[in-house]
Amino acid sequence: MPIQYTFPSLELIKHLVDVKTFISDDLVATKLLPIDTDTFANSPSAVTWDVLEPTRGLTSLSALDADPILINQRAIKTISAAPLYFKECVSIPESQLINMRKPGRNDVRDATDSVLRAIAQLSERVSALVEYANASALTGTLNIGHVSVDYGFATDHKPVCGTTSGYGPVWTSTASATPIEDLRRAAKTIYGTGAREIEVYASLEAINTLLSTKEIKDVLIGTRNIQALSAEGFAEAAPAILGAGITKMILSNQYYADENGDPAAFFPSNKVFLVGRAPGVQLGCFASTPSLDNGGLDGAKGGPFVKTTDFTDRPRPEIIVTGGIYGLPVLYRPDMVTCLQISA
């Protein structure tokens with residue numbers, strides 16, 4: 001009997017992509033900037049978005065039988081950038097395919113396990129990429145490879161401890177750093193934007209740097225907040241300690257493995273982010289643009305994709321598994337984000 005050959009059906013692959021992969025729902029920056037596959041569905045070569053100014057002033061006092069007071073409409077600034085094309089593949093070559101056997105069978109050559117492992121690998125890399133890009137955008141500038149996108153942060157939304165007037169020394173100067181006042185001052189840059197709450201986002205390393213300062217230790221030691229000397233405990237106690245409209249501190253202790261296998265944090269260790277939140281206000285998104293790998297020539301659409309192609313009938317037999325996403329993060333309200341650099 002000739003050896004039979006099988007690999008996953010398109011239905012199985014689609015089910016795996018829809019259910020198992022893309023995008024992990026617990027990633028901190030991607031919760032702030034979720035993937036949008038609809039708004040930019042017709043933007044294959046340029047991503048254009050509007051940046052809104054906050055509403056200013058109060059409704060004018062008028063009088064009966066009088067014309068309404070004419071006011072200026074709030075300004076809209078348009079930003080345009082080329083989408084970024086993230087795509088890579090895994091090849092399952094002839095040398096592997098020829099030795100694949102279905103468990104318990106010597107007469108069936110089955111590539112299912114290898115294809116599913118390739119799909120999982122590619123989808124995990126896309127998930128990590130989106131989170132990394134979103135966290136990078138919150139600094140005010142997206143830097144990936146040779147590409148840089150400026151989101152137009154105002155100068156006071158990019159303060160640097162030890163340099164910017166009004167802020168204390170870098171937090172690594174543990175004896176003299178003033179992280180409480182620094183965070184309060186940074187929070188004030190978001191006042192007047194319409195934010196009802198201000199949230200602080202920081203990596204585990206950044207919060208540990210904060211906890212090493214004398215100011216924080218003096219506040220915590222000998223009080224009932226002694227448990228807040230851990231990063232997780234401080235994140236919970238932070239609103240009561242910091243005040244200034246800060247309602248929550250979110251600790252990002254999430255890591256991915258870099259190409260060398262070493263753990264790398266999504267959020268930088270030398271920056272802390274303050275984000276204003278208001279009902280019905282969308283901070284931004286990861287603008288996903290259409291890809292032919294995601295729907296074909298007639299149905300190209302945005303979103304993460306995985307595509308499996310059977311080339312086992314070619315002179316050099318192989319199976320190619322392709323994965324990626326097209327697009328980039330956008331910020332509709334950069335005035336509601338402040339990136340505080342706490343050390344060099």
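Computed from heavy atoms alone, side chains included, the values below leave out hydrogens, waters and symmetry copies. Note that the coordinates shown come from a computational prediction; the quantities given were computed from them, not determined experimentally.
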S.K.: Of all heavy-atom pairs between I320 and C89, which one has the smallest distance, and what is that distance?
M.R.: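 Between these two residues, the closest heavy atoms are CG2-CB, 3.9 Å.
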
S.K.: Would you check if V149 and T141 make a side-chain contact, meaning some heavy-atom pair closer than 4.5 Å?
M.R.: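 Counting from C-beta outward, V149 and T141 never come under 4.5 Å.
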
S.K.: Grab the two heavy atoms, one from P334 and one from H157, that are nearest each other, plus how far apart they are.
M.R.: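 Where P334 meets H157 most closely, the heavy atoms are O-ND1, 4.1 Å.
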
S.K.: Side chains of I342 and D182: closer than 4.5 Å at any heavy-atom pair?
M.R.: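 No, their side chains stay 4.5 Å or more apart.
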
S.K.: Would you say the side chains of D50 and T78 form a donor-acceptor pair under 3.5 Å?
M.R.: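 Side-chain D/A pair, D50 to T78: present.
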
S.K.: Considering residues, nucleotides and ligands other than E199, do more than 12 of their heavy atoms fall under 6.0 Å from its CD?
M.R.: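 Enclosed.
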
S.K.: For W171 and N270, does a side-chain donor sit closer than 3.5 Å to a side-chain acceptor?
M.R.: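 No, N270 and W171 have no side-chain donor paired with an acceptor closer than 3.5 Å.
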
S.K.: Heavy atoms only: give me the nearest F305-S291 pair and the separation to one decimal.
M.R.: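 For F305 versus S291, the nearest heavy atoms are CE2-OG, 3.5 Å.
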
S.K.: For a quick check under 3.5 Å, do T189 and T338 share a side-chain donor-acceptor pair by atom type?
M.R.: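 Looking only at side-chain atoms, T338 and T189 do form a donor-acceptor pair, the distance falling under 3.5 Å.
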
S.K.: Between L204 and L251, is any pair of side-chain heavy atoms under 4.5 Å apart?
M.R.: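 Touching, per the 4.5 Å side-chain cut-off.
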
S.K.: Do side-chain atoms of T164 reach the backbone of Y167 as a donor and acceptor pair under 3.5 angstrom?
M.R.: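 Not a single qualifying donor-acceptor pair exists.
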
S.K.: So which heavy atom on V200 is nearest to which on I246, and how close?
M.R.: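 V200 and I246 have their closest heavy atoms at CG2-CG2, 3.7 Å.
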
S.K.: Please check if atom CG in D313 has more than 12 non-hydrogen atoms from other residues, nucleotides or ligands closer than 6.0 Å.
M.R.: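 Enclosed.
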
S.K.: Is it true that the side chains of D335 and T193 contain a donor and an acceptor less than 3.5 Å apart?
M.R.: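 No, T193 and D335 have no side-chain donor paired with an acceptor closer than 3.5 Å.
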
S.K.: Can you tell if the side chain of V275 reaches within under 4.5 Å of the side chain of L283, non-hydrogen atoms only?
M.R.: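 They are in side-chain contact.
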
S.K.: Compute the centroid of each ring, for Y256 and then for F266, and state whether the two points are separated by less than 6.0 Å.
M.R.: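 Yes, the ring of Y256 comes within the 6.0 Å limit of the ring of F266, centre to centre.
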
S.K.: Are I35 and C285 side-chain neighbours, meaning at least one heavy-atom pair lies under 4.5 Å?
M.R.: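 Side chain of I35 against side chain of C285, heavy atoms only: no contact under 4.5 Å found.
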
S.K.: Donor-acceptor pair, distance only, cut-off 3.5 Å: does the side chain of Q341 make one with the backbone of K158?
M.R.: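 Checking the backbone N and O of K158 against the side chain of Q341, no donor-acceptor pair under 3.5 Å is found.
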
S.K.: For the CG atom on D262, are there more than 12 heavy atoms of other groups (residues, nucleotides or ligands in this structure) within a distance under 6.0 Å?
M.R.: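 Result for CG/D262: enclosed.
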
S.K.: Less than 4.5 Å apart, any side-chain heavy atom of L142 and any of Y151?
M.R.: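 Sidechains of Y151 and L142: in contact.
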
S.K.: What is the ring orientation for Y201 with F267, classed by angle as parallel under 30°, tilted 30 to 60°, or perpendicular over 60°?
M.R.: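 Parallel, since the angle between the ring planes stays under 30°.
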
S.K.: Would you check if E88 and T322 make a side-chain contact, meaning some heavy-atom pair closer than 4.5 Å?
M.R.: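 In short, these two side chains do not touch, never coming nearer than 4.5 Å.
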
S.K.: Side chains of E131 and T30: do they bring a donor and an acceptor to under 3.5 Å?
M.R.: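 The answer is yes; a qualifying pair exists.
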
S.K.: Do you know the tightest heavy-atom contact between G245 and Y191?
M.R.: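 Looks like N-OH, 4.3 Å.
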
S.K.: Without swapping roles, check the side chain of Q282 against the backbone of L33 for a donor-acceptor pair under 3.5 Å.
M.R.: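 Looks like no, no N/O pair under 3.5 Å.
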
S.K.: May I ask you to check whether over 12 heavy atoms, not counting those of D258, lie within 6.0 Å of atom CG?
M.R.: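 Yes - once you tally the heavy atoms of other residues, nucleotides and ligands closer than 6.0 Å, there are more than 12.
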
S.K.: Taking all heavy atoms of P290 and all of F40, pick out the closest pair and write down the distance.
M.R.: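 Heavy atoms only, the tightest pair is CD-O, 3.5 Å.
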
S.K.: Does the side chain of L220 reach to within under 4.5 Å of the side chain of I216, using non-hydrogen atoms?
M.R.: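 A side-chain contact under 4.5 Å exists here.
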
